[in-house]
Amino acid sequence: MKAITLNAFGGPDAFELREVATPLPGAGEVLVRVHATSINPLDFQVRRGDYPDLVQLPAITGHDVSGVVEAIGAGVTAFAPGDEVWYTPRIFHGAGSYAEYHVAAENIIGKKPATLSHLEAASLSLVGGTAWEALVVRAALRVGERVLVHGGAGGVGHVAIQLAKSIGARVMTTVRKANFEFARSMGADVVIDYENEDYVEAVMHETGGRGVDVVFDTIGGDTLSRTPHALAQLGRLVTIVDIAQPQNLIHAWGKNASYHFVFTRQNQGKLDELSALAERGQLRPHVGATYSLAEIPLAHARLESRDNGLRGKIAIDVM
């Protein structure tokens, strides 16, 4: 099979398109013909060497799969050849999705939503699971609450807006002014131009000084220290960014705030919940650009450059 291999940590040119052996499913495993995958910030972080102790080179990386079951291993009962499936491979455990075939444990795979194409499903599995973990599992977002989503035009952010709306929350988001209409089309009630507005002032104005119940951080920076100024009492912050620099959280104490640090976990249950929302028309990822398997280095370079014109996800058409 064809696969993109990472032979050394570094820039996008560290990838190589190669012929490698097609994997075989073991007991409790499924072999999937990969139709599509996608690019996430985690992907270029792995490629450049942010987690060197967790990645054994040479490696096949990648964290989204949408495809069709090719074969099943002993004991598999939930899937059969020909089934359309989607999932996030176990992060830092085994080969990733930048290949024509992938093997995964039966218990992390879900039936692909019929309403989504393979490109769309592959653009939702990791970011959708991350948004679900953040807003539903950790923040326990409830109907009628107010939530601020940082980076609402990004891969995770635009999905988080839709998920929060499906829960029944009032959604505010920070984006560039050029992305106002896109954020509104995702369901945002209030859009904040982070380049020209102070989001704390904007939030407090919109909430009459009360603040938001939940802040979902996808951008990092000084969000941990500034967020308490925008939070209501007993507010919750959820961040998916690994922030190295120390920050002063004294104001979080005054708000009785809780902080949650999320590194997404894979399971079938989250996929089934996301599928139900997709099939009801409440959740649909936006594919902002599509590349081929051989063009993964170009896709990495574009996402890592923080291309201002890119919205949503970069998908990879493997077939």
Side-chain angles (χ1 to χ4, degrees), residues 32-43 62-69 79 82-89 96-100 102 104 108-136 149 151-166 179 181-188 218 264 266-293 295-296 298-300 302-303 307 309-319:
V32 175
R33 174 67 164 97
V34 180
H35 283 232
T37 182
S38 74
I39 309 295
N40 303 279
L42 174 61
D43 297 320
H63 300 95
D64 294 282
V65 170
S66 182
V68 175
V69 174
F79 301 97
D83 287 346
E84 292 191 326
V85 296
W86 69 317
Y87 58 96
T88 296
S97 59
Y98 292 173
E100 292 180 318
H102 186 265
I108 69 165
I109 296 174
K111 295 287 182 69
K112 183 183 77 66
T115 53
L116 300 184
S117 69
H118 284 294
L119 289 172
E120 290 173 322
S123 298
L124 181 60
S125 54
L126 179 61
V127 297
T130 299
W132 185 275
E133 179 86 16
L135 295 178
V136 178
V149 176
V156 178
H158 85 289
V159 169
I161 291 172
Q162 296 176 70
L163 179 57
K165 288 300 293 183
S166 74
N179 289 326
E181 289 310 310
F182 175 73
R184 291 189 179 110
S185 74
M186 294 296 106
T218 72
T264 190
Q266 291 74 46
N267 69 64
Q268 195 176 81
K270 280 194 291 189
L271 291 173
D272 292 343
E273 298 282 5
L274 294 168
S275 288
L277 291 175
E279 290 176 346
R280 289 202 297 266
Q282 294 178 284
L283 188 60
R284 191 174 206 97
H286 177 78
V287 178
T290 304
Y291 292 81
S292 69
L293 183 67
E295 293 174 323
I296 279 179
L298 297 176
H300 266 243
R302 183 171 182 186
L303 184 62
D307 180 349
L310 182 63
R311 297 168 177 169
K313 291 294 298 291
I314 294 178
I316 304 299
D317 190 350
V318 178
M319 283 199 66

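For clarity, every value in this text was computed on a predicted model and none was experimentally measured. Only heavy atoms go into these numbers, but all of them, side chains included; no hydrogens, no water, no symmetry mates. Sequence positions, counted from 1, serve as the residue numbers for this chain.
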query: Between the side chains of Asp317 and Ser292, is a donor N or O closer than 3.5 angstrom to an acceptor N or O?
result: no
message: Under a 3.5 Å distance rule, please check whether Glu84 uses its side chain to pair with a backbone N or O of Lys112 as donor and acceptor.
response: no
- prompt: So, for Pro41 and Leu303, which heavy atoms are closest and what is the spacing to 0.1 Å?
  reply: N-CD2, 3.7 Å
query: Side chain of Glu120, backbone of Ser117: donor and acceptor closer than 3.5 Å?
result: yes
field: Basic-acidic side-chain contact under 4.0 Å: Glu133, Lys270
entry: yes
task: Give the intermediate values and the outcome of side-chain contact (heavy atoms from CB on, under 4.5 Å) for residues Tyr291 and Ile296.
output: CA-CA 7 Å; Tyr291 292 81; Ile296 279 179; over 6 Å; no
Heavy-atom side-chain contact between Thr290 and Ile316 under 4.5 Å: no
- request: Kindly indicate, with the supporting measurements, whether the criterion side-chain contact (heavy atoms from CB on, under 4.5 Å) is fulfilled by Val318 and His35.
  value: CA-CA 5 Å; Val318 178; His35 283 232; 5.9 Å; no
query: Taking Asp272 for the side chain and Gly269 for the main chain, is one N or O donor matched with an acceptor at less than 3.5 Å?
result: no
query: Would you call the rings of His286 and His158 parallel, tilted or perpendicular if under 30° counts as parallel and over 60° as perpendicular?
result: perpendicular
task: Describe, in one word, how the ring planes of Tyr87 and His102 are oriented to each other, choosing from parallel (under 30°), tilted (30 to 60°) and perpendicular (over 60°).
output: tilted
query: Just checking, is any N or O donor in the side chain of Asp43 or His63 under 3.5 Å from an acceptor N or O on the other one?
result: yes
Under 3.5 Å: donor-acceptor pair, side chain of Ser38, backbone of Ala122: yes
task: Would you confirm whether Thr115, through its side chain, and Ala278, through its main-chain N or O, come within 3.5 Å as a donor-acceptor pair?
output: yes
message: Test your reading of the model: is there a side-chain donor-acceptor pair from Thr37 to the backbone of Asp64, 3.5 Å cut-off?
response: yes
